[in-house]
Amino acid sequence: MVDKRKKRVAEFIEPFRVKPGSKVTLAKDFDPAFKGGVKKKKEGIALLAEGVRLLSEYQARLAAQDTWGVLVVLQAMDTAGKDGTIRHVMSGVNPQGVQVHSFKVPSAEELDHDFLWRYAQRLPERGEIGIFNRSHYEEVLVVRVHPENLDRQKLPKAAKKGDVWRRRYREINNWERYLSDNGFRIVKLFLNVSKEEQRARLLRRIDLPDHNWKFSSADVAERERWDDYQRAFSEVLSNTSTEWAPWYVIPADRKWFGRIGAGAVRVHTLMEINPRYPAVSKRQRQALLEVKEALEAQAPKGAARDPFEQEQPDAKAREAAGRDDHRAPPPADATNPGDEPAAEPRR
Ligand code: AMP
Ligand code: MG
């Protein structure tokens, strides 16, 4: 049942995956209006709800296992739906297990460090999902399209020699490999909106007074550089989609589809990790049962010895039936019950 669902999700996201080593030309290779077999928005909304439910379930297990972390990287042109995607992820999960960071123009302190420094400061902990709203990829996107940003980075002459961008791709790939080798899975999502859909969305921000605050003339200035950005994104996708951290190009001309697509990739990653609730050893279980007995003995006169057991007489049976595959097999001894190996990332 779980395997079938995982297979379905894997098939759904396959067209979005950038094959490592392939050369991408965005406009030619990825259609922003693709609907991937989902015919109607109504059908999409049901899928969306299912995605939120799965995400919430897996996130709880990820946090309980406290072994793997997940970093979600969101990149896009303005208006593509980064904020909506984040709102959607947050709607179903425990806020204690998720952190969102938005990256803006770097501060003086940040410019005084190497280019990956500020991103490394914001990585998720084990058991957490971290979301980067813009990310280290800005260092090969906006910084490339507007090279005055690179001038501000105070690099020594020697570090500016040769092809800075190729070198940064390599450094980013190596950094992501290091993270993934150490238990942090990276989900990279490019929300792919078309130039015409962006025009419509910018106009909407002007036409609806409640949305005026979202309008930024900077977005219109960036739109002027559309082709440069498309080229820069195509290069990024061609050079930094790796076996350990592949890119997914999510069709974003329909907001609802963008959210399903992005949600499916995240769920798929969590399914691969397959985090489990830690199981206790026989000895620990025995200790729990002794405490249980002591607590039951404290029942006041007329009260149930164990109110929970009384309310849910079949709880134990249900738990055993429904949650077994979510739980690590009990360890042989009590050394470190939570540390069960999970699925290896795809290599
Ligand atoms: P927003 O996400 O709309 O709040 O805008 C944030 C702004 O910060 C965008 O214009 C980005 O291009 C800019 N930005 C983000 N990262 C960098 C960076 N590393 N260097 C220069 N500008 C950046
Ligand atoms: Mg903006």
Side-chain angles (χ1 to χ4, degrees), residues 26 71-90 99-123 130-155 159-160 164-173 175-176 186 188-193 195 197-199 201-206 208 210-237 239-240 247 250 252 255 258 262:
L26 257 184
L71 173 65
V72 179
V73 167
L74 274 177
Q75 287 290 159
M77 292 298 283
D78 291 305
T79 76
K82 291 198 303 297
D83 294 323
T85 302
I86 292 168
R87 234 179 4 254
H88 171 238
V89 186
M90 301 302 284
Q99 288 200 30
V100 185
H101 296 286
S102 300
F103 292 98
K104 315 272 179 191
V105 176
S107 69
E109 187 193 17
E110 288 166 348
L111 288 171
D112 254 345
H113 290 84
D114 60 279
F115 82 95
L116 288 174
W117 180 79
R118 68 169 180 162
Y119 309 98
Q121 309 279 307
R122 302 279 181 264
L123 289 170
I131 301 175
F132 279 3
N133 180 0
R134 302 185 189 273
S135 68
H136 48 296
Y137 283 98
E138 291 296 341
E139 305 292 338
V140 284
L141 290 164
V142 68
V143 178
R144 184 171 193 179
V145 173
H146 298 283
E148 60 274 20
N149 288 304
L150 191 64
D151 297 336
R152 284 192 208 107
Q153 294 189 355
K154 306 201 280 184
L155 292 170
K160 284 204 274 194
V164 174
W165 314 116
R166 268 199 181 273
R167 206 187 64 221
R168 287 197 168 184
Y169 297 147
R170 191 191 70 222
E171 288 158 350
I172 287 173
N173 287 341
W175 186 57
E176 291 179 351
I186 303 168
K188 301 192 297 201
L189 304 172
F190 170 64
L191 305 181
N192 189 24
V193 76
K195 194 173 183 189
E197 179 61 20
Q198 190 197 51
R199 189 176 74 89
R201 289 185 191 177
L202 287 170
L203 281 168
R204 184 171 180 272
R205 288 183 180 182
I206 296 172
L208 296 175
D210 281 0
H211 289 242
N212 284 176
W213 66 271
K214 273 198 212 172
F215 184 85
S216 150
S217 47
D219 295 353
V220 179
E222 291 305 88
R223 179 177 166 81
E224 299 278 308
R225 306 295 300 273
W226 184 272
D227 292 341
D228 296 329
Y229 272 107
Q230 293 287 300
R231 259 195 301 278
F233 272 117
S234 297
E235 282 250 332
V236 162
L237 297 169
N239 287 285
T240 61
W247 272 105
I250 308 296
K255 281 190 179 167

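Nothing fancy with the numbering, it's 1 onward along the sequence. Each ligand, and each atom within it, is numbered from 1 in the order the structure gives. Nothing here was measured: the structure is a model prediction, and the numbers come from that model.
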Trainee: May I ask you to identify, for Lys104, whether its side chain, its backbone, both or neither come under 4.0 Å of ligand 1 on a heavy-atom basis?
Mentor: both

Trainee: Are Arg122 and Phe132 in a cation-pi contact, defined as NZ or CZ under 6.0 Å from the six-membered ring centre and within 45° of the axis?
Mentor: no

Trainee: Between His136, Glu222, Arg118, Lys82, which one has a non-hydrogen atom sitting closest to atom 17 (C) of ligand 1?
Mentor: Arg118

Trainee: Is Val105 close to ligand 1, meaning an N/O of one under 3.5 Å from an N/O of the other?
Mentor: yes

Trainee: Between His146 and ligand 1, which part of the residue brings a heavy atom under 4.0 Å of the ligand: side chain, backbone, both or neither?
Mentor: neither

Trainee: In this structure, are over 12 heavy atoms from other groups packed under 6.0 Å from Arg167 atom CZ?
Mentor: yes

Trainee: Salt bridge check, Lys188 against Glu176: does any charged N sit closer than 4.0 Å to a carboxylate O?
Mentor: yes

Trainee: Quick one: does Pro106 get a heavy atom under 4.0 Å from ligand 1?
Mentor: yes

Trainee: So, 4.0 Å and heavy atoms of Tyr119: is ligand 1 close enough to count as a contact?
Mentor: yes

Trainee: Do NZ/NE/NH1/NH2 and the carboxylate oxygens of Lys214 and Asp83 come within less than 4.0 Å?
Mentor: no

Trainee: Relative to the heavy atoms of Val143, which atoms of ligand 1 are at a distance of less than 4.0 Å?
Mentor: 20 (N)

Trainee: Against Asn149, only a single residue in Gln153, His146, Arg152 fulfils side-chain hydrogen bond (donor to acceptor under 3.5 Å, both in side chains); can you say which?
Mentor: Arg152

Trainee: When you check the side-chain N and O atoms of Gln198 and Arg223, is any donor under 3.5 Å from an acceptor?
Mentor: yes

